[in-house]
Amino acid sequence: MADQTVRVRFAPSPTGYLHVGGARTALYNYLYAKHTGGEFILRIEDTDEARSTEESMRMQIADLQWLGMKWSEGPDPDSLIDVGAYGPYRQSRRLDIYKEHAQRLLEEGQAYYCFMTDEEIEVQRQAAIQQGRPPQVNSPYRDWPIEKAQERLDKGDKAVVRFKVVEKRDYVLQDLVRGEVTFPSDMVGDFVLLRSTGMPVYNFCCVVDDALMKITHVFRAEEHLSNSLRQMMLYHAFNYPLPKFGHLSVVLGSDKQKLSKRHGATSCHDYAQNGYLPEALNNFVALLGWSSPAAQEILSMEELIAQFDYDRLNASPAVFDEQKLNWVNATHLRALPNEELWKRVEPFLNEAGLKLPADSGWRFRALDAFKTSMTTLKDAVELFRPLSETPVSIATESEEVLGFPTTRAVIEAWKAGIEQAGSDYLTEEQFNKLQDSIKDSQNVKGKQLFQPIRVAVIGKPQGTELKMLVPLMHKRTLLARADQVLSRIKG
RNA sequence: GUCCCUUUCGUCUAGAGGCCUAGGACAACUCCCUUUCACGGAGUAGACACGAGUUCGAAUCUCGUAAGGGACGCCA
């Protein structure tokens, strides 16, 4: 028991994309498994028939894969066929197991069939609230003998199965992140195990599955903390050993409200589409509620695995700070070798329809020129756009530059210089010489010199150094661009 | 309403009774580098929610208060 292998699980309900809060929960479980050499298991909690879809399940699996978390048990990412010795791993396929467990409790008198209608329950709730009591049900069917209930069932009446809360005592949870948490048992009333449709309810399947799947540690969101009481009761009723629980803090938006759709991008999918790196999102999200013992801010997945332990998990809520995410992302992005960076950037460039040289030497020089101005992969699009042959839009900030009295002459001299160039691409040296000659011939310097040239090259007065930019552009493009800008001055 | 959790710079956090004149990171600001923008470098500013206690000594322990969050579903 002491050196039992760690078995942890991530158990999302398939309703939409994977949320960043969910990603953090998954990550902590994953890191703990990897850190201890244990198993990371994926279980799909799809007992809510109204909201769960297979499509969502696929999306969440794709998101988890994008983040680089691999599970040793659960649905196979491609075929969706269960892998592992404790399956099935989709709750909707474990219905028989839940039924058996419910039956067992029913027979032992630890659970009962309840025929109350929604209206009856609502009346009780309101009454309880008015009297200042917790709104719990008090079912008249609580002590019905099972045979009597069965008769009604046989007549076709619908019933839920409720757990019978009998013991009046305090339940103490040794939480891995919060320490000792005490719940009085009267905090909850008799709760539903099986819906009238026969579908089990979260607290019930969660316990059955965690026990049967031999889960040793459960890191989950704080909102489940009070569920723990019900779950402890069930573990007790089944006489199953309790796993260790760690209840994570909530992730908040900038307004300190729980992160939700209102806050804009909150799904991993959104971040992927917006050009964030999975390693950056993992890194950032890991630091929301956990800190590196080495006080590192930038960590690779390997470093996270090596350093992660639950003793540095923080119990207080954390605000998701997009600015820090941006910094983490930019830092990871700049550290990528050019070859890898190009692979990541290319889909964004293609999507924008940019036609760029295929030569890898050219690509790497371009990345060197641009990567310090990139926060996300998507930023590459606007940076690379002026390098393609298509005309650029001339930025409004360029107007002032176009208004300098010397601008027209400078651009014409620039154009003439390019025309004289022997090769398709100017070298940095040739560019410098050309710029110097314009300085002398036109008698301009400072921003009167380089801003017009920059506008004639990329359409705006600020950006990457010209000596980096110009050698990346074909003579033809340079000339066309200069003409484009000159025509603008006339008009 | 009842119960549970949380509370250190704007944000993420370090901090397990003296090492704290409270440290780091992001953001902000200033300067340097730079014929622009970024990158990079150097700095500045900025916090223990409040009140009692325990103690020679409290950000750290206890109790209250306040604020925020969660649960009280045939959601998870």
Side-chain angles (χ1 to χ4, degrees), chain A residues 11-15 22 45-48 50-52 91 114 116 118 121 125 128-137 158-162 173 175 177-179 181-184 186-189 191-203 205-206 220-230 247 249-250 252 254 256-258 284 287-293 295-298 311-312 314-328 330-331 334 369-375 383 397 401 435 439 445-451 454 460-466:
Chain A
S13 59
T15 55
E45 307 216 325
D46 55 351
T47 55
D48 183 350
R51 297 196 308 151
S52 303
Q91 291 184 328
C114 173
M116 285 176 82
D118 288 349
I121 291 170
R125 283 176 54 86
I129 289 169
Q130 285 195 354
Q131 291 166 39
R133 286 184 292 115
Q136 298 169 352
V137 296
K158 293 278 178 218
V160 299
V161 174
R162 280 186 194 278
L173 176 67
D175 192 275
V177 351
R178 284 156 214 275
V181 181
T182 305
F183 305 99
D186 55 11
M187 209 172 133
V188 295
F191 53 93
V192 173
L193 263 23
L194 252 36
R195 300 174 168 99
S196 52
T197 58
M199 257 306 176
V201 141
Y202 167 75
N203 281 300
C205 6
C206 185
R220 47 149 63 144
E222 188 195 349
E223 66 214 67
H224 295 295
L225 185 57
S226 13
N227 284 327
S228 302
L229 172 58
R230 289 181 181 73
H247 287 93
S249 58
V250 264
L252 308 176
S254 51
K256 302 239 182 186
Q257 299 296 302
K258 192 174 172 187
F284 171 70
L287 261 15
L288 246 36
W290 176 81
S291 59
S292 148
Q296 265 176 271
E297 298 284 338
I298 298 295
D311 58 353
R312 295 184 72 86
N314 199 336
S316 51
V319 173
F320 189 96
D321 179 9
E322 202 118 3
Q323 283 183 312
K324 182 153 180 188
L325 202 215
N326 284 340
W327 173 76
V328 172
T331 309
R334 278 175 214 133
F370 293 145
K371 67 176 151 190
T372 57
S373 0
M374 288 167 64
T375 297
L383 259 5
E397 313 96 84
V401 177
Q435 197 180 42
K439 182 162 125 188
K445 58 178 181 177
K447 65 178 193 173
Q448 264 67 20
L449 173 64
F450 63 84
Q451 286 197 336
R454 190 188 305 280
K460 52 179 191 173
Q462 266 120 38
T464 313
E465 279 185 276
L466 284 168

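Atom set for the values below is all heavy atoms of this structure, side chains included, hydrogens, waters and symmetry mates excluded. Every chain is numbered from 1, with letters handed out A, B, ... down the list of sequences.
Between the Q136(A) side chain and the M187(A) main chain, a donor and an acceptor come within less than 3.5 Å of each other. With D46(A) contributing its side chain and Q91(A) its backbone, the two residues share a donor-acceptor pair below 3.5 Å. The backbone N or O of P317(A) lies less than 3.5 Å from no partner atom in the side chain of S249(A), so there is not a single donor-acceptor pair.
T47(A) is not listed as a side-chain neighbour of V201(A), based on a closest heavy-atom distance of 4.5 Å or more. Contact of the Q323(A) side chain with the S254(A) side chain is not registered, since no non-hydrogen atoms from C-beta on lie closer than 4.5 Å.
For the atom pair S291(A) OG and E297(A) CD, the distance stands at 9.0 Å (nearest 0.5 Å). Atoms CG and CG, from L252(A) and D321(A) in turn, are 12.0 Å apart once rounded to the nearest 0.5 Å.
Heavy atoms of H247(A) sit nowhere under 4.0 angstrom from any nucleic acid atom. Using a 4.0 Å heavy-atom cutoff across all strands shown, S196(A) reaches at least one base atom of the nucleic acid. Counting any heavy atom pair closer than 4.0 Å across all strands shown, S373(A) reaches sugar-phosphate atoms only and no base atom. Residue contacts for V181(A): at a heavy-atom cut-off of 4.0 Å it reaches the sugar-phosphate backbone alone, with no base atom in range. Counting any heavy atom pair closer than 4.0 Å across all strands shown, Q257(A) reaches sugar-phosphate atoms only and no base atom. Backbone-only contact: P317(A) has heavy atoms under 4.0 Å from sugar-phosphate atoms and none from a base. Among the protein residues, Q323(A) comes within range of the sugar-phosphate backbone only, with heavy atoms under 4.0 Å from sugar or phosphate atoms but none that close to a base. Heavy atoms of E297(A) sit under 4.0 angstrom from at least one base atom. No contact: G189(A) has no heavy atom under 4.0 Å from any strand.
Partners of K460(A) by side-chain hydrogen bond (donor to acceptor under 3.5 Å, both in side chains), not counting sequence neighbours: none found.
Whole-Å rounding puts the W290(A) CH2 to C12(B) P distance at 17 Å. For the pair Q448(A) CD and U36(B) P, the interatomic distance rounds to 14 Å; values are reported in whole Å. Whole-Å rounding puts the K439(A) NZ to U35(B) C1' distance at 9 Å. Remark: C1' of A71(B) and CG of L225(A) are 9 Å apart, rounded to the nearest angstrom. The distance from atom CD of E322(A) to atom P of A25(B) is 22 Å, rounded to the nearest whole Å. Atom CD in Q136(A) sits about 12 Å away from atom P in C3(B), given to the nearest Å. For K324(A) and C12(B), the NZ to C1' distance is 5 Å, given to the nearest whole Å.
Of the candidates C12(B), A76(B), U6(B), the closest approach to any side-chain atom of L287(A) belongs to C12(B). Distances from the side chain of E222(A) to the nucleotides C12(B), C5(B), U11(B) place C5(B) closest. Candidate nucleotides U6(B), A76(B), C12(B) were compared by shortest atom distance to the side chain of E223(A), and A76(B) ranks first. With A76(B), U13(B), C74(B) as the choices, the nucleotide that has an atom nearest any side-chain atom of S13(A) turns out to be A76(B). Out of C3(B), U11(B), A38(B), the shortest distance to the side chain of T372(A) is found at A38(B). Closest contact between the side chain of V319(A) and the listed nucleotides U6(B), G70(B), U11(B) involves U11(B). When each of U11(B), U6(B), U36(B) is scored by its nearest atom to the side-chain atoms of E465(A), the top-ranked nucleotide is U36(B).
Between A38(B) and K371(A), no contact under 4.0 Å exists linking OP1 or OP2 to a side-chain N or O. At A76(B), one or more side-chain N or O atoms of R195(A) fall inside 4.0 Å of OP1 or OP2 (strictly under the cut-off). The side chain of R312(A) contributes no N or O atom lying less than 4.0 Å from OP1 or OP2 of A16(B). Between N203(A) and A71(B) there is no side-chain N or O to OP1 or OP2 distance below 4.0 Å. Put simply, T47(A) has a side-chain N or O that comes within less than 4.0 Å of OP1 or OP2 on A76(B). OP1 and OP2 of C74(B) both lie 4.0 Å or more from every side-chain N or O belonging to T197(A). The side chain of Q462(A) contributes no N or O atom lying less than 4.0 Å from OP1 or OP2 of A38(B). Residue R454(A) has no polar side-chain atom (N or O) positioned under 4.0 Å from OP1 or OP2 of C37(B).
Of the C1' atoms belonging to G40(B) and A67(B), the separation is 42 Å, rounded to the nearest Å. One P atom belongs to U54(B), the other to A16(B), and the distance between them is 24 Å to the nearest Å. Distance check on atom P: A66(B) versus A25(B) gives 38 Å, rounded to whole Å. When the P atom is used for both C19(B) and C37(B), the distance is 45 Å, rounded to whole Å. On the P atoms, G53(B) is 40 Å away from C72(B), given to the nearest whole Å. A28(B) and G51(B): their C1' atoms are spaced 34 Å apart (whole Å). For the P atoms, the distance from U36(B) to U44(B) is 26 Å, rounded to whole Å. Distance noted for atom C1' between G23(B) and G64(B): 31 Å (whole Å).
Two residues, Q435(A) and V250(A), neighbour RNA chain B, and the one matched to the more 5' nucleotide by heavy-atom proximity is Q435(A). Comparing A318(A) and R230(A) against RNA chain B, the residue whose closest nucleotide sits nearer the 5' end is A318(A).
Judged by atom type and distance alone, N227(A) reaches the base of A76(B) through a side-chain donor-acceptor pair under 3.5 Å. One cannot find a donor-acceptor pair under 3.5 Å joining the base of C3(B) and the side-chain atoms of S226(A).
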Worked verdict on Y202(A) versus R230(A) for side-chain contact (heavy atoms from CB on, under 4.5 Å): CA-CA 11 Å; Y202(A) 167 75; R230(A) 289 181 181 73; over 6 Å; no

